[in-house]
Protein chains: 2
Amino acid sequence: MAMTAPGTTSPAISSSQDTDLDHLDHLLTPKQRARLESIASALKYTCRDQIVYHQGQVADALYFLDLGMVELTTYQKSDGDRHIVAFLYPGDLFGLSEDGRYLNTVRTLAPTKLYRLPLDDLQRLLVQDARLQLLFLAKAAQELRKAQRQKIVLGQRDPCRRLASFLLEFLRSNQYYDPETRIVSLPMNRRDIADYLALTHESVSRALAKLETEGMVQRQSPRLVRLKDMRALNDLATY
Amino acid sequence: MAMTAPGTTSPAISSSQDTDLDHLDHLLTPKQRARLESIASALKYTCRDQIVYHQGQVADALYFLDLGMVELTTYQKSDGDRHIVAFLYPGDLFGLSEDGRYLNTVRTLAPTKLYRLPLDDLQRLLVQDARLQLLFLAKAAQELRKAQRQKIVLGQRDPCRRLASFLLEFLRSNQYYDPETRIVSLPMNRRDIADYLALTHESVSRALAKLETEGMVQRQSPRLVRLKDMRALNDLATY
DNA sequence: CGGAGCATTGAATTGCATCAAGGCACGTGG
DNA sequence: CCACGTGCCTTGATGCAATTCAATGCTCCG
């Protein structure tokens, strides 16, 4: 495991506190921005459940999520068991591959805008501009931290703990969390949450119910959850 | 999630099939090697259970594992529950940090040799040499793949499946796996394995016993496990 | 002084009881 | 109709405790 973005000690590099508004863009010089735009093509998905690419397809590009939300899933063996590896927020990069093939299937969960960066062009660009490459390295380190955290969350066997960690992930999001009302607006269904947390959808329901009876959250509707006792949630959550 | 090493499509970049012998070194030009050596300091640990650094210490260097094996652990909250994030093989980089502090504690599991690369020197070097930086980016992508796989393994609830995946990880290792006899020589105890797989040490024992009664493995001694039915293990394992 | 045998420690394993997550079925509501 | 929630039952992982085993250190005796 591991890889520190060398830049995390430098103010020039992205902090670990990315939010919806804190995109890669803000860190770019005008020239870098122009160069990236010259190789990028914008993609827009107006509805959810659209596939960006499939696991196993030849990997020829990296993607930058600008708006919306996508899920990254991996399908196991022959049996259909699905595993959601991550939910991605604006500012995240995706396109992880191995032996030239994408490792995941990427699906939109909401109207989404993203940029497609062809790998060969991008590599050329990153070799030309080493400072720009440092930003990508920092992004990679950020994803690594996220994966490590998530691994620890999955290590917890109490569904409530996993769910608490999951809910708290939304604090980063401007789009799906309103600090005023402290309401999380879940862009995915119980099944998706279950596949992400390695639970069944029933267990997700039950865990949510338990958190509610314990006064930590309050369900306005299935997709709208108000975080009542942030302190207790934080204590429960692993990270 | 995600980040493809742009280089995975280029033969110049490290393949995903790293083994103990396939170190970063082999991919470096003599000049790159010399530059890295000029900023690196070699560290040798002659026995196991030595701490390289502690979680929370100020992160000022990246490390390259040259020989031996280390474990990367994260300690939770106040209670002592420990989570082993990864076991590292020769060729791996470590030193992941957040807000300038190391995220893990690194401990040797065997006599170990590693190189210490101060972050400020390294960043300078990577800005000078963008091609060298691509190698680091590729390493980061590799760690990301590893973390993603591990996350899926932890998603499985059957301890046997997790253990099978764990045992198969050793196939990469020249040091701890002998293809002739097909014997894995475990460098860690049951407790460590348990903390890695999010099980109890009893569950590890039981899972191993079950794999043995089903003819997939054979215990020569607690630390020596012969892989009898590779096919069945692969079917059982997630990845 | 040296070596055989015993004691101690810790890891690993196994039996047993418990408990909680999963799976099924059904009901509800948008 | 599909997503969500919930009661009931089953299953299997956990936790505790007892046992085995290995390695080490120690004593005591030759």
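Just so it is clear: chains get the letters A, B, ... in the order the sequence lines come, proteins before strands, and each one is counted from 1. Worth knowing before you read on, the calculation uses all heavy atoms, side chains too, and leaves out hydrogens, waters and symmetry mates.
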Find the distance B:Leu199:CG to D:dG12:P and express it as a whole number of Å.
16 Å

Can you list the residues that meet the salt bridge (Lys or Arg N to Asp or Glu O under 4.0 Å) rule with A:Arg206, with sequence neighbours excluded?
none

Roughly, in whole Å, what's the span from CD in A:Gln156 to C1' in D:dA13?
16 Å

How long is the line joining CG of B:Asp192 and C1' of C:dG10, in whole Å?
14 Å

Output all residues satisfying salt bridge (Lys or Arg N to Asp or Glu O under 4.0 Å) with B:Arg48, sequence neighbours left out; order by chain, then residue number.
none

Which donor-acceptor pairs under 3.5 Å do the side chains of residues 229-237 of chain A make with protein atoms, sequence neighbours left out?
{"from": "A:Asp229", "atom 1": "OD1", "to": "A:Arg231", "atom 2": "N", "distance (Å)": "3.3"}
{"from": "A:Asp229", "atom 1": "OD1", "to": "A:Ala232", "atom 2": "N", "distance (Å)": "3.1"}

Rounded off to whole Å, could you give me the NZ-to-C1' distance for the B:Lys210 and D:dA13 pair?
11 Å

Spacing of A:Arg157 atom CZ relative to D:dG12 atom C1', expressed in whole Å:
12 Å

Between B:Arg162 (CZ) and D:dG12 (C1'), how many Å, whole number?
13 Å

Side chain to side chain contact (heavy atoms under 4.5 Å, CB included) against B:Arg190, all qualifying residues, sequence neighbours excluded:
B:Leu186, B:Ile193, B:His201, B:Val204, B:Ser205, B:Leu208, B:Pro222

Return the value, rounded to whole Å, for the distance between atom CG of B:Leu197 and atom P of D:dA13.
13 Å

In whole angstrom, what separates B:Asp158's CG from C:dG23's P?
12 Å

Residues two or more places apart in sequence or in another chain: which of them pass side chain to side chain donor-acceptor pair (under 3.5 Å) with B:Arg226?
B:Gln218

Please report whether the ring centroid of A:Tyr63 lies less than 6.0 Å from that of A:Tyr115.
no

Taking protein heavy atoms under 4.0 Å as touching, what does nucleotides 2-9 of chain D look like 5' to 3' if B marks base contact, S marks sugar-phosphate-only contact and - marks none?
--SBBBB-

